[in-house]
Amino acid sequence: MCVTAVESRPAGVALTPSPVGQRPFGARIKAFVALTKPRIIELLLITTVPVMFLAAQGVPDLWLVVTTTIGGYLSAGGANALNMYIDRDIDALMDRTSQRPLVTGMVSPRECLAFGIALAVISTLWFGLLVNWLSAALALGALLFYVVIYTMLLKRRTSQNIVWGGIAGCMPVLIGWSAVTNSMSWAAVILFAVIFFWTPPHYWPLSMKVKDDYARVGVPMLPVVASNQVVARQIVIYSWVMVGVSLLLTPLGYTGWFYTLVAVLTGGFWLWEAHGLQNRAKSGVTGAKLKEMRLFHWSITYVSLLFVAVAVDPFLR
């Protein structure tokens, strides 16, 4: 999702890395940052920090927040770099990934692999020594799940790749809770489930938009192997389950009226958009008129507002 300002070229034409001396230092720094996919990590941190407020039932130790945030960035950045190393062949053939650092030659595959492994090791030690070893184990587990289970085993083999691969993206919720309590809770499990059911209807609309890219490289994202009607129906099903799960926190006593209000309003609007997409798909609408990206953009707003409510709610109870 990050674009590095380097030489442009047609998709499908990979460049041989230039000698290090011929690659500008500033561009190289930007390229290594791009390997971590900072735009994606923003979403992960949005789900980590608010959970720490809920776990603390107030303001958590600010140094703990800082160390957890840094550790989370390093761990997720390592996973993303290793993902780019593994996927460099198909990244070279897809329009949306054609400017990634490995494809343009700004970073060599060997450098990317070393960078990803280094971040994995550093982040695990960082969590273990500065937060706690439970959080370290969860972070390392998320990294390995994303790299091995999703990228290496699921992504190119099944249309359910993003469903089960999305488990890695749910782990920051558990990490945020464990960082504060050094334990687990049903509240953390419920929020984990919210992100689990959020991930497919968040990503499938984007996949619908760029399904030709995925089809070109043989990645069986659901919109590649199923009709828009089938994808939209799956989006609606997952959306209803997600909203239902999000409302479990209050009857179980973990949140109060403010979170409930935000969950109902934002969830209701999500369902409106999901059913709107389904209706357009049923009508045979295609192209720009399908407006699938409306739900994708709202999904980011939804998860941001919901987890802000998670953080604010303890102060209003």
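- For the atom pair OG1 (Thr181) and CG (Leu134), the distance works out to 7.5 Å, reported to the nearest 0.5 Å.
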Trace of the side chain to side chain contact (heavy atoms under 4.5 Å, CB included) decision for Phe197 with Val243:
CA-CA 9 Å; Phe197 290 108; Val243 173; over 6 Å; no
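- Counting heavy atoms from C-beta outward, Gln278 and Ile235 have side chains that stay 4.5 Å or more apart.
- Side-chain contact check for Val308 versus Pro50: every heavy-atom pair is 4.5 Å or farther apart.
- By the criterion of side-chain heavy atoms lying less than 4.5 angstrom apart, applied directly or through intervening Ile, Leu, Val, Met, Phe, Trp or Tyr residues, Leu305 is not grouped with Trp272; the two fall into different hydrophobic clusters.
- Not one N or O on the side chain of Arg100 forms a donor-acceptor pair closer than 3.5 Å with the backbone of Asp91.
- Of the charged side-chain nitrogens involved, none lies within less than 4.0 Å of a carboxylate oxygen, so that Asp213 and Arg96 do not count as a salt-bridged pair.
- Distance check: Leu277 CG to Lys282 NZ gives 11.5 Å after rounding to the nearest 0.5 Å.
- Pairing each heavy atom of Met293 with each of Lys209, the nearest pair is SD-CB, 3.9 Å.
- In this structure, CD in Gln99 is found 6.5 Å from OG1 in Thr104, a value given to the nearest 0.5 Å.
- Side-chain contact between Arg317 and Gln57 is present, with heavy atoms from C-beta onward closer than 4.5 Å.
- Residues Val51 and Gly176 come closest through the heavy atom pair CG1-C, 4.2 Å.
- Residue Leu222 holds its CG atom at 8.5 Å from CG of Asn161, rounded to the nearest 0.5 Å.
- Ile41 and Ala76 make their closest contact through CG1-CB, 3.8 Å (heavy atoms, listed as atom of the first residue, atom of the second, distance).
- Relative ring orientation between Phe196 and Trp164 is described as tilted, the plane-to-plane angle lying within the 30° to 60° band.
- The two residues Val107 and Cys112 make their nearest non-hydrogen contact at CG1-N, 3.8 Å.
- When atom types are taken as modelled, the side chain of Thr36 and the backbone of Val33 share a donor-acceptor pair closer than 3.5 angstrom.
- Between Val219 and Val224, every side-chain heavy-atom pair lies at or beyond the 4.5 Å cut-off.
- A side-chain donor from one of Asn132 and Ser135 sits under 3.5 Å from a side-chain acceptor of the other.
- Closest approach of Ala34 and Pro101 over heavy atoms only: CB-CG, 3.9 Å.
- Aromatic rings from Phe127 and Trp133 are positioned such that their centres are separated by 6.0 Å or more.
- Aromatic rings from Trp298 and Phe269 are positioned such that their centres are separated by under 6.0 Å.
- Looking at Thr67, its side chain does come within 3.5 Å of a backbone N or O of Leu64 through a donor-acceptor pair.
- Listed for the Thr158 side chain is no donor-acceptor partner under 3.5 Å among the backbone atoms of Leu154.
- Two residues are said to be in side-chain contact when any heavy atoms from C-beta on lie closer than 4.5 Å; Thr266 and Val303 fail this criterion.
- The backbone N or O of Pro220 sits nowhere less than 3.5 Å from a side-chain atom of Arg156 that would complete a donor-acceptor pair.
- Judged by distance alone, with hydrogens and angles left aside, the side-chain atoms of Asp87 form no donor-acceptor pair with the main-chain N or O of Ile90 at under 3.5 Å.
- In the displayed structure, Arg110 atom CZ is contacted under 6.0 Å by at most 12 heavy atoms of other residues, nucleotides or ligands.
- A donor-acceptor distance shorter than 3.5 angstrom exists from the side chain of Ser207 to the backbone of Tyr203, with no hydrogens or angles considered.
- Panel note: side chain Asn83, backbone Val147; no donor-acceptor pair is recorded below 3.5 Å.
- Expressed to the nearest 0.5 Å, how far CE of Met242 lies from OG of Ser299 amounts to 9.0 Å.
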Does the side chain to side chain contact (heavy atoms under 4.5 Å, CB included) test come out yes or no for Trp204 and Phe296, once each step is laid out?
CA-CA 8 Å; Trp204 280 334; Phe296 172 76; over 6 Å; no
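- Under the 4.5 Å side-chain criterion, counting only non-hydrogen atoms from C-beta, Leu113 is in contact with Leu82.
- Contact annotation: the side chain of Leu138 approaches that of Ser178 to within less than 4.5 Å [non-hydrogen atoms, C-beta and beyond].
- Here the straight-line distance linking atom CG of Leu295 with atom CD1 of Ile300 works out to 10.5 Å at 0.5 Å rounding.
- Side chain of Glu111 to main chain of Ser108: a donor-acceptor pair is present (N/O by atom type, distance under 3.5 Å, no hydrogens or angles).
- Between the side chain of Thr68 and the backbone N or O of Val65, no donor-acceptor pair lies under 3.5 Å.
- Between Phe115 and Phe32, a ring centre-to-centre spacing shorter than 6.0 Å is recorded.
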Could you walk me through whether Lys291 and Arg280 satisfy the side chain to side chain contact (heavy atoms under 4.5 Å, CB included) test, starting with their C-alpha distance in whole Å, then the side-chain angles of each, then the deciding distance to 0.1 Å, before giving a yes or no?
CA-CA 9 Å; Lys291 300 178 182 178; Arg280 291 190 294 275; 3.8 Å; yes
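- Side-chain polar atoms of Trp270 and His202 form no donor-acceptor pair below 3.5 angstrom.
- The pair Glu42-Lys37 fails the salt-bridge criterion, with no side-chain N (NZ, NE, NH1 or NH2) lying under 4.0 Å from an Asp/Glu carboxylate O.
- Counting only heavy atoms from C-beta outward, the side chains of Ser239 and Trp198 never approach each other to under 4.5 Å.
- Residue Phe192 comes nearest to Val173 through the heavy atom pair N-CG1, 3.8 Å, listed as atom of the first residue, atom of the second, then distance.
- Seen from the ring of Tyr85, Arg88 counts as a face-on cation partner, given the 6.0 Å and 45° thresholds.
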Side chain to side chain contact (heavy atoms under 4.5 Å, CB included) between Tyr259 and Ser246, intermediate numbers included:
CA-CA 10 Å; Tyr259 170 83; Ser246 73; 3.7 Å; yes
